[in-house]
Amino acid sequence: MDIHKTSVIINISTGILTGKDILCSRKLIRDLVGVFGNEQVRAELPADDLVYEVQAYLPVDEGKEGGLFFGNSTVYPGKVDKEYYMTRGHFHRDLNAAEFYWCIKGEGVLILMDVERKVCAEKMQPGSLHYIPGGMAHRVANTGAHKLVFNACWSSDAGHNYQDIDHHGFSARLEEVAGKPVLMP
Ligand code: PAN
Ligand code: ZN
């Protein structure tokens, strides 16, 4: 019997995925209208500044029960006014669907918000493992001077609900105050 190579390789020191089935998406400053607290400052930044990029390995169809998806996200260092570069953030459409994040490189903060809009946060550093329970919106801010890289695993029928965050945001923002990250209501 043949022993096959896998179609996807993960570089365990950089988190980068390679293989023919990897999807890539990028979010530039121009794509993030209304995401940061200071929209005027965002609009004045270079429109093609890269804020974050995601590699995704989706081995089954989206929505399939029982399957898993894998992602590698990189959030670049930067700020919009005092607010760190961060992901848009989302709830999963299925509020029961949890997710694991783990940090490969850099430093950051995982911001979590429940459906009552109560926020908490966890520090991300290489090796930190984060269990995101179902029903928690999640977003990641890069608080360091270098790239923040993290991997993620979530269920293929979790779905993504961006609308809620697009309309109402999170109830706290991560800002730099006296050189340190502070969660501001
Ligand atoms: C992650 C995120 C990724 C980008 O793979 O999708 O970090 O963040 P946004 O999707 O909020 O733009 C994940 O949480 N998947 O479920
Ligand atoms: Zn998610």
Side-chain angles (χ1 to χ4, degrees), residues 8 10 14-17 21-37 42 49-78 80 83-115 119-124 126 128-144 147-174:
V8 175
I10 172 163
T14 63
I16 301 292
L17 303 174
D21 300 321
I22 305 302
L23 306 175
C24 297
S25 65
R26 316 178 103 203
K27 290 283 184 240
L28 311 177
I29 272 290
R30 75 160 72 88
D31 303 318
L32 298 172
V33 178
V35 170
F36 295 92
R42 186 212 59 86
D49 202 26
L50 180 56
V51 179
Y52 66 97
E53 58 193 339
V54 182
Q55 295 184 291
Y57 175 45
L58 315 178
V60 297
D61 287 340
E62 171 109 48
K64 185 184 160 60
E65 216 177 300
L68 292 171
F69 288 161
F70 193 96
N72 173 52
S73 300
T74 301
V75 184
Y76 286 82
V80 176
E83 194 174 10
Y84 299 99
Y85 276 10
M86 62 182 179
T87 61
R88 276 169 83 190
H90 56 268
F91 284 99
H92 289 156
R93 208 167 45 232
D94 174 2
L95 289 175
N96 288 313
E99 178 163 7
F100 272 121
Y101 277 6
W102 59 103
C103 181
I104 308 282
K105 259 177 187 285
E107 49 187 281
V109 174
L110 167 64
I111 306 161
L112 300 166
M113 181 177 76
D114 69 17
V115 290
V119 166
C120 62
E122 293 179 1
K123 187 168 164 50
M124 298 178 85
S128 62
L129 176 66
H130 308 270
Y131 180 72
I132 302 167
M136 296 286 256
H138 40 288
R139 102 169 353 150
V140 169
N142 183 346
T143 57
K147 287 194 264 193
L148 170 67
V149 183
F150 63 97
N151 285 170
C153 185
W154 67 100
S155 50
S156 49
D157 57 348
H160 291 94
N161 165 10
Y162 289 99
Q163 267 185 330
D164 206 283
I165 300 302
D166 285 349
H167 291 149
H168 309 293
F170 276 59
S171 56
R173 295 185 171 278
L174 196 73

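Remember, it's 1-based here, ligands and their atoms both numbered in the order they're listed. Values below: every heavy atom of this structure, side chains too, minus hydrogens, waters and symmetry copies. This chain uses plain numbering: 1 for the first residue, then up along the sequence.
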(message) Taking 2.8 Å as the distance threshold, tell me the number of protein N/O/S atoms next to the Zn ion (ligand 2).
(response) 4
Are [X] and [Y] side-chain neighbours, meaning at least one heavy-atom pair lies under 4.5 Å?
X	Y	value
Thr74	Tyr52	no
Phe70	Leu58	no
Met86	Val140	no

(request) Tell me, please, which residues at least two apart from Tyr131 pass side-chain contact (heavy atoms from CB on, under 4.5 Å). (result) Ala98, Phe100, Pro133
(request) Taking ring pair (Phe, Tyr, Trp, His ring centres under 6.0 Å) as the test, write out the residues that go with His130, two or more places apart. (result) none
(request) Could you tell me whether Asp31 and Arg88 have a side-chain N and a carboxylate O separated by less than 4.0 Å? (result) no
(request) Output the set of protein residues with a heavy-atom contact under 4.0 Å to ligand 1, ordered first by chain identifier and then by residue number. (result) Tyr52, Val54, Ser73, Thr87, Arg88, Gly89, His90, His92, Glu99, Tyr101, His138, Phe150, Trp154, His160, Tyr162
(request) Give me the ring orientation class for His160 and His92: parallel if the planes are under 30° apart, tilted from 30 to 60°, perpendicular past 60°. (result) perpendicular
(request) Look only at the side chain of Asn142 and the backbone of Gly108, and say whether a donor-acceptor pair between them is shorter than 3.5 Å. (result) no
(message) Can you tell me if Lys64 has over 12 outside heavy atoms packed within less than 6.0 Å of its NZ?
(response) no
